[in-house]
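Report on the following structure.
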Amino acid sequence: VSPTPADLQIATFAIGEIVEGTQTGRDADTLVVSIPKLAVGAGEPALAEATVEIVRPGELVRIANVLDVVLSVVKHDDPSSTFPGVLGDTTSGAGSGRTDRLEGVGVLSVCDWLAAGCTQPEEFPDAFIDMAGPGQDATRWGTTTNVVLRCIPTPGVPLEEVDAAVRRSSLRLARDLASIVVDTDPSDISTFARPASGADPTLPSIVVILQIASEGPLTDTFLYGAHMRSHVSTRIDPLEILDGALTNGAYDWAAVRNVTAAYQDCAMIRELLAGHGERLRFAGLIVAPGYLDTAQEKQRSAEKSAELARRMGADGVICTTFSSGNSHTDTMLTVRACERQGIATTAIVSETNGGLTDHVPEADCIVSTGNEDTLIDAWTPQRVIGAEEARAGEPVPLWAYVGACVETGDMTWTAVPA
Amino acid sequence: MTVVHYLNQFFAGLGGEEAAGHEPVRVDGARGPGRGLVAAGLSIDVTLSCGDDRFGEDEVTSLARLLSWLDELSPDVLVCGPSFGSGRYGYACGCLAREAARRGIPVVAAMTPDSPGVLAAEGAAYIVPTGSNVASMRAVLPVVASIAERLAAGEPVGSPEEEGYLPRGLRQNVRAERTGAARAIDLLLAKLSGDTRTEVAPTGDRVAPPPPVEDIAAATLALVTEAGCVPQGNPDRLPTRHANIWLRYPIDGVTSLSADRYGSVHAGFDTSAANEDPNRLVPLDAVRELESQGRIGRVHEAFYTTSGVDTPVATSAKFGQEIAQELRNAGVDAVILTGT
């Protein structure tokens, strides 16, 4: 069946190596990049410095103060519409047409807010990616070729403006790197069709509740470039999420935050689309706020999500979780609200040394994304990018590794009794 | 490779109940059940022992003596027991196991699952379950020897199910074959077909409410908080998150927590409103008023504080036990615990 224009096609270009050159281009699985031509940070007065370097798996490097990881993508037919709302205009919309994506590459934004005087000590915990050593496989991004964008804020510029500049710059870099390959042959093309309504009605109907959090500058999630601080549970097209509608601007708790790549390559959406019409009906996706402040907000969000899922015809719901602590209560209340609507529910949460952070009796079916307090053996990198020092020679808890225990279900860590 | 074995007075051959007050001793080689461990392939270099009553009645000194020998020997593994169903012996094994493990020494112990030694060990040791008496010796020793040998050699030890030790209350990370997303869908479809399974269940630690305070007008009341309330400047460096300490601050003669002297360093909530009036974190103003009206007996001399944000439950439980013990020793009858 040939794709219709309404479907999303993701063409992947396997990249094994990125080298610097004077001209940009692609030679088999080698991407040649001219860093000066990328002109990162140009037109961003909020950034005093924006530098790019390429870091490869096996290098004795720890990248610290990682803010976000972005997959390098570009809209094949209209590059200017990539990351609509942040970079491009939103008229052509994400979630249809062809998107070209570099495979095996991470675009990392790095900023030491503390050194720049923007945050207080201990306000933001460590966020590491190790390219070698015992922590390399803690995260998915220790084995990709990483293009690291390091930003230094211009003194005196409000934090929110600096952060917007950092986010624009990393998404632009992700777009421009992928633009290098648009005229070459992809390694693979996947077509993601919107779930057809005519699927076998005897198959169970599944809704996913994707939890996000948006609490303020440096802890925000963005939908089409707008922060989601007043977001109410809303149905959103899963193909739009795969295509850059949601971007990350939340930088606490590295292991359990959803980096932008976790939306772009969301395993949950891909699995549900793959299973649609085969063993389930994918009835849709709700983006729900978590990490809410008050009991009333938490209850409202849980009940709104459950009510929406019921109206979408859900027989079953999967609740994902964003971050640790507080948000686990949002997940548990959502599980309870769904179960009270008669909807069978599964939750995805991380664990700590003390087990679950919160629990309700209705949560009888839980996927664990691992114990984030587990210590990774001490390692001394040859070089640290993004910080003066970064726990070199000390054991590092897994919670400091970007995306290690992400509660969207993108990783394979789990925890067992010991 | 150095292996040390701990036994009580009876199994070390020092005597029966009449020797229960025996001071800690150190002898070379294997004694009693240690010979069974040798037969199972584990060489025992040194045996430590202490009378059961002696350990219970003089825990601090006895433990210090035993630990000083461990510091000197720096063994590759410590084996404790089997203590079977003996409560005093099991407790000593558990305490020694916990302290040795804190020094980085791997420990294997053996006792009944309900032995007080299991709790005392705090998950620090591999504990092989036994029956209540020596009849289970023959079955247990090879299991203990096998785990001990591998720990001493720095080799991996499998799961509780594979190896036959009691789950230590720890959750260890492993790689699943499939992503969390794929597993979640499988679990949900199974649940919808009537087969409900989970990868993790709650620990089930439910705290029973205590009986009401009989006479509040005669009671000593303490204030405890996890709101991160500390004197301005945070002189004792209470961590703002992942706290590893709790603190105590004197409030004798203080009638109210003023904003210029106290504030919150808690990283888990917006502290601006609370910092305008720290009494809303630790309600000293209100309880002083009740105290002056004679409606409560007395306010305890200090308030207790930590910052409860992303603190592992095990750490929180330990804080709670330590603070509760101190309050109980001080004769406190009731506590107002303010949370955030």
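In the text below, chain A, chain B and the rest are named by the order of the sequence lines, each starting its count at 1. Here the structure is a predicted model, which means the values were calculated and not measured.
- Nearest heavy atom pair, residue B:P160 against residue A:P417, reads CD-O, 3.3 Å.
- For chain B, the nearby part of A:T408 is the backbone; its heavy atoms alone come within less than 4.5 Å.
- Here the closest heavy-atom approach between residue B:N173 and residue A:W413 is recorded as CB-CE3, 3.8 Å.
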| field | Intermediate values then yes/no, side chain to side chain contact (heavy atoms under 4.5 Å, CB included), A:E351 and B:E199 | value | CA-CA 11 Å; A:E351 297 181 57; B:E199 292 183 354; over 6 Å; no

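- With a threshold of 4.5 angstrom between heavy atoms, A:I348 approaches chain B through side-chain atoms but not through N, CA, C or O.
- For B:L189, the part sitting under 4.5 Å from any heavy atom of chain A is the side chain, from C-beta outward, and nothing else.
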| message | Before you tell me yes or no, could you show the steps for B:K191 and A:E362 under salt bridge (Lys or Arg N to Asp or Glu O under 4.0 Å), namely the whole-Å CA-CA distance, both residues' side-chain angles and the distance that decides it to 0.1 Å? | response | CA-CA 12 Å; B:K191 181 172 173 175; A:E362 291 87 346; over 6 Å; no

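- For B:Y165, the part lying under 4.5 angstrom from a heavy atom of chain A is the side chain only.
- In this structure a side-chain-to-backbone donor-acceptor pair under 3.5 Å is missing from A:N371 to B:Q172.
- Interface remark: A:R270 contributes no atoms to any contact with chain B (heavy atom separation under 4.5 Å).
- Listed options A:V406, A:I206, A:I366, A:T346 were ranked by heavy-atom pairs under 4.5 angstrom with chain B; first place goes to A:I366.
- Taking A:S368, A:A274, A:C266, A:A267 one by one and counting their heavy-atom pairs under 4.5 Å with chain B, the maximum is reached by A:S368.
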| query | side chain to side chain contact (heavy atoms under 4.5 Å, CB included) between A:T352 and B:R171: does it pass, once the steps are laid out? | reply | CA-CA 8 Å; A:T352 68; B:R171 299 282 293 176; over 6 Å; no

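- Counting non-hydrogen atoms of other residues, nucleotides and ligands closer than 6.0 Å to CZ of B:R175 gives a total above 12.
- Between A:C365 and B:R197, every side-chain heavy-atom pair lies at or beyond the 4.5 Å cut-off.
- Heavy-atom distances place both the backbone and the side chain of A:D137 under 4.5 Å from chain B.
- Counting non-hydrogen atoms of neighbouring residues, nucleotides and ligands closer than 6.0 angstrom, the CD atom of A:Q120 reaches no more than 12 such neighbours.
- Using a 4.5 Å cut-off between heavy atoms, B:A201 contacts chain A through its backbone alone, with no side-chain atom that close.
- When atom types are taken as modelled, the side chain of B:R241 and the backbone of A:F124 share no donor-acceptor pair closer than 3.5 angstrom.
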| message | Let's go through B:L188 and A:V317 carefully: what are the C-alpha distance in whole Å and the side-chain angles of both, what is the deciding distance for side chain to side chain contact (heavy atoms under 4.5 Å, CB included) to 0.1 Å, and is it a yes or a no? | response | CA-CA 8 Å; B:L188 180 58; A:V317 154; 5.7 Å; no

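- At a 4.5 Å heavy-atom cutoff, the contact between B:A182 and chain A is made by backbone and side-chain atoms alike.
- Judged purely by distance below 3.5 Å, without hydrogens or angles, the side chains of B:T198 and A:D364 never pair a donor atom with an acceptor atom.
- When heavy atoms are compared at a cutoff of 4.5 Å, A:L272 approaches chain B by way of both its backbone and its side chain.
- Neither the backbone nor the side chain of A:N326 comes within less than 4.5 Å of any heavy atom of chain B.
- The most heavy-atom pairs under 4.5 Å with chain B, out of A:G316, A:A347, A:C405, come from A:G316.
- No side-chain heavy atom of B:E177 sits under 4.5 Å from any side-chain heavy atom of A:T412.
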| message | Using side chain to side chain contact (heavy atoms under 4.5 Å, CB included), reason through B:L170 and A:N353 one step at a time and then give a plain yes or no. | response | CA-CA 7 Å; B:L170 308 180; A:N353 272 348; 5.8 Å; no

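- Under the side-chain contact (heavy atoms from CB on, under 4.5 Å) rule, B:I185 has a single partner from A:L280, A:V367, A:V208, which is A:L280.
- Ranked by heavy-atom pairs under 4.5 Å with chain B, the first of A:E372, A:E407, A:R279 is A:R279.
- Residues B:T179 and A:D410 have side chains not in contact (no heavy-atom distance under 4.5 Å, counting atoms from C-beta outward).
- Residue B:P202 comes nearest to A:L356 through the heavy atom pair N-CD1, 3.9 Å, listed as atom of the first residue, atom of the second, then distance.
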